[in-house]
Structure formats: C-alpha cells, structure tokens
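Single-structure report; data block below.
Each chain gets a letter, A, B and so on, in the order the sequences are listed, and its residues count up from 1. Atom set for the values below is all heavy atoms of this structure, side chains included, hydrogens, waters and symmetry mates excluded.
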Protein chains: 2
Amino acid sequence: MATSNGSSASADNKTAEKVLSAASRLFYANGVRAVGIEWIVAESGVAKTSLYRHFQTKDELVAAFLEREDHEFWEQWDEVVAAAPDDPTAELMALLAWIGGRVSRDGYRGCPQINVAAEFADAEHPARRIRRRHKAAMLERLRVLVRRIGVIRPDDTAMQLALLIDGAFTSDGRLTKAGAVRILQNGADALIGHLRANERNSRAARQGSGKRRRIVS
Amino acid sequence: MATSNGSSASADNKTAEKVLSAASRLFYANGVRAVGIEWIVAESGVAKTSLYRHFQTKDELVAAFLEREDHEFWEQWDEVVAAAPDDPTAELMALLAWIGGRVSRDGYRGCPQINVAAEFADAEHPARRIRRRHKAAMLERLRVLVRRIGVIRPDDTAMQLALLIDGAFTSDGRLTKAGAVRILQNGADALIGHLRANERNSRAARQGSGKRRRIVS
DNA sequence: CGTGTGCGATACCGATCGGTATCGTTAAGG
DNA sequence: CCTTAACGATACCGATCGGTATCGCACACG
C-alpha cells in the first residue's frame, strides 16, 4: 500500500525528497513568499526542471511542506504519549514538556502552520486548509484528553489549553526552556485543576504534581 | 510639541495618511509581501511619486503600519481600563472581554504584529523590533496587573495570560464572540484564582465571577 | 502677481518572480 | 546491448517587483 520508504509523507522519490527538505528549511526560516524557486533549486542541488517534475506549482510544494510538518508533529505527539504513564494528567504534562522544549529551541521561528497560513489571504488556499485541519485535530485531541482527566467543561478547557499552546508557539524567543515547561505545566494545572470534577483527585494531583511534571524533561 | 492633527502616530500629512491607511488595510488583509507598491498606489489614489516622498522604502511603510497598530492598540487598552471599575481583577476581565470581541470580529486575521513579523527572517528587521517591543509591553502591563491582583508568582502568571491572549490572536475564526470572552475570562480566572495569595479573596471572587465577568461585554 | 512647493502622470530601470521549452547526459532494466 | 525514463543545464517567457527620473500642473502664500 505504501513504498518501502521509511520517511514521512510524500516525497517517495530521492530527488523529490531533496527538493522538499530544502524547501522546508527555507520556507520555515524565511517565510514562503520570501523564498523563490531558484533559491530552492540552488539549495537542493536539483535542477529546476526536476523540481517541476515532482511539484507542478510552488503552492503544491508549500502544501507538501505543511502536510509533512503536520504528519511529523502528530508522529512526535504520539511518541510522547506512548512514553508517558497511562494517566491522562501525566500525559498532558508530558506533552507540555515536549512542547516547552520545542518552542525554546534555538532557531525556533514559531508554528509553521500559523506562519505560512498567515501569508495567504484566501481562506481556501491549501495552506489555510491544512492549518485549519491541523488546529482542529489538536483541539480534538485535547478535548479527548481533558475528558479523560474529568473536567467540568471539557470543550472550554481544551480550547484554553489550545490557546496556551498556540501562544507558546508564537512566543518568539521570550521563553527559556525551563521557563517554558514550568509556565505551560503550571498553567495547564491551573486550568484543569480549577474545574476538576472530583475534588479528591484534584487535591491529590496538586500535591503530587511536582513529581509528575518531571516525567519528561 | 505635536502637530494639531488629532489622528494617530505618523502620517501628519493628508497624502501620507491616505497612503498609510490604504497600505495598512492591504497589508493586514493580504500580508506584506503579497502587496506590491503599485497596489497601494491604486488603492490610495495617490501617485507613486508622492508615496515615495513620504516613505522612502516599503520597509518604512511597513514599520509605520506596525507603529500605528501598536499605538492604537494601547490607546484602546487604556480606554478599556479607564472604563473598568478600579479593581485589578475587574480590569483584567474587562480587557479580556475587549480582546475576545476583537478576535471574533468578522474579517479578523490575527495580530498584525505577529503576522507581519513572521514574514521577515532578520531578527533586526523593523517589523521584528516593533513586534518585540509590543509584546514586551503587553507582558509588562500584565505583570503590573497580576501583581495588583496579588498572585503568588506574578511573572509566570503574567506570561500565562500573555500566551492565552496570543493564542486567541492566532485562533483564526475558531472562536465565536460569546465563546471567546467566556473562554478567556474563565481561563484567566483559573490562572489567577489557583495561585491567589489570600484564600479569602479567592473564594469570594470565584463566587462573584459570574457577575464580574460581564462588566464589559 | 509671481513663485515655490507638493502632487499626479508616465515612462523607465535592473532584478526577480513563477513557470516552460529544448536538449544532451546518465543510469537502470530487460 | 539497447531502450527508456529520469535528471541536469540553460535559455527563455511575460509579469511583476521595489524604486527612480522627468515633467507639467495646481494652488497656497508672500
């Protein structure tokens, strides 16, 4: 059903892969409109002809970039979840530790979905569509998670967590690694703890949260 | 010290004002790089020559756009604060009601500071500088506010509120007006309530928050 | 009544944009 | 060994990019 290629979405060909990886780097670092095709050609070491053999238009290349980003994001998300203890609160904290580390890395330039989508006015542009789907997926995953945690208004709480995370994505270097993780985890703890359904679990979790927050560093 | 002009930052001249207002509209709706000078010329009804008489480069026009946005944002912020009761928590809720309304308006396309800055790779580009200053100013105002509220870790709480707000700015139509205000205010209530210094005030505030949240709608 | 300053119109600049056409080369598979 | 398909190199396309130069006109002010 798929090629033997172990890599991620699209770019099953080696030439296409060189193009897509170079384009991804350049798009992310400079913005889509600031990167011309010739720049991608130079950086990828692939002929312009070949580039257009695999991607008919620049927009298609942009879409492939975002699709891959989306795919890799959920791949890592699932890995973090798999490594976390089977407790929804611990799962959330592990995810926030991962995100905190991600946004405080050197050269982090924000969420590619947000950045790229902002460059296109048409709401039906591929970039806008992929971004909507990506963000809807995150919100849905957070909903499932906070329902398992057992908060009173899971939809609102999930959205609050989504806003917190998207805010971190656009923090633009204002967060150090330690600070990012602490701020995200304590913030989430307040958001879920405040409205937790069963007060017993709530109290216990708040006491033990100091340990649980450190599961993924 | 200033011209008699009652309008906002820069563009003290009528021609310059026409250029800047047209450019602002186009930049915000389409992104900076997607808008060519000729488009601004056509939309403003001003000759290209005149445009370049008032703004030497496109970057300067971009900077003027962001400076004005920054200025108007704090102007409105101050108005909201002035209209709110002299209670820090009520002030915060009023600000969030304002922001909730803002991000759920038709045609809202996100925070211009965030959007425009994302289009430039150079961290010393005017757009990036203005954005940093703008976001630092917001964080500082939130710090002062949460200190007055009296939370345990004001710096962290202020950053959490900033993330929540920036997240709302990038929510891209996922928030209805009613939902936005409720989610922001309840979120902020959890963030400040959870860590409030004096438990008595905390408990009282949580009970009365349903009323207090509706001060500005 | 002159005079200067700001504006509009237009033509133009080199550079770059996304995208195509042509053609010679390379390499893998039967 | 020969076919075939993919790739590289290059030249080219019209359109647009940000920015400038030239010039004629209108109008406010002394």
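The pair A:Arg133-A:Glu67 meets the salt-bridge criterion, since a charged nitrogen lies less than 4.0 angstrom from a carboxylate oxygen. Taking a cutoff of 4.0 Å between a charged side-chain nitrogen and a carboxylate oxygen, A:Asp87 and A:Arg148 do not qualify as a salt bridge. Taking 4.0 Å as the cut-off between side-chain N and carboxylate O, A:Lys14 and A:Glu17 do not count as a salt-bridged pair. Ion pair A:Arg131/B:Asp172 flagged as a salt bridge, since at least one NZ, NE, NH1 or NH2 atom sits closer than 4.0 Å to an Asp/Glu carboxylate oxygen.
Considering only side-chain N and O atoms, B:Ser50 lies nowhere under 4.0 angstrom from the phosphate OP1 or OP2 of C:dG6. At the phosphate of C:dG6, neither OP1 nor OP2 sits under 4.0 Å from any side-chain N or O atom of B:His54.
Aromatic rings of B:Trp98 and B:Phe73 (six-membered ring for Trp) have centroids within the 6.0 Å cut-off, being under it.
Between A:Asp122 and A:Arg128 there is no side-chain heavy-atom pair separated by less than 4.5 Å.
A:Glu91 places no side-chain N or O within donor-acceptor distance of the main-chain N or O of A:Leu145, the cut-off being under 3.5 Å. Checked by atom type and distance alone, the side chain of A:Asn186 never pairs as donor or acceptor with a backbone atom of B:Asp156 at under 3.5 Å. With hydrogens and angles ignored, the 3.5 Å screen pairs a side-chain donor or acceptor of B:Thr176 with a backbone N or O of B:Gly179.
Taking atom NZ of residue A:Lys58 and atom P of nucleotide C:dG18, one finds them 4 Å apart after rounding to whole Å. In this structure, A:Lys14 places its NZ atom 11 Å from P of C:dA28, rounding to the nearest Å. As rounded to whole Å, 10 Å separates atom P of D:dG19 from atom CD of B:Glu60. Atom-to-atom, NZ of A:Lys18 to C1' of D:dC7 comes out at 10 Å; the value is rounded to the nearest Å.
In this structure, CZ in A:Arg53 is found 9.0 Å from OG1 in A:Thr15, a value given to the nearest 0.5 Å. Distance check: B:Tyr28 OH to B:Leu66 CG gives 12.0 Å after rounding to the nearest 0.5 Å.
For B:Thr57, counting side-chain heavy atoms from C-beta on, the closest listed nucleotide (D:dG8, C:dC7, D:dG19) is D:dG19.
Of the residues in residues 120-131 of chain B, not one places a heavy atom less than 4.0 Å from an atom of DNA chain C. Listed in residue order, the members of residues 32-45 of chain B having a heavy atom less than 4.0 Å from DNA chain D are B:Val35, B:Gly36, B:Ile37.
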Can you check each nucleotide of nucleotides 20-26 of chain C against protein heavy atoms at under 4.0 Å and return B for base, S for sugar-phosphate only, - for none, in 5' to 3' order? BBB----
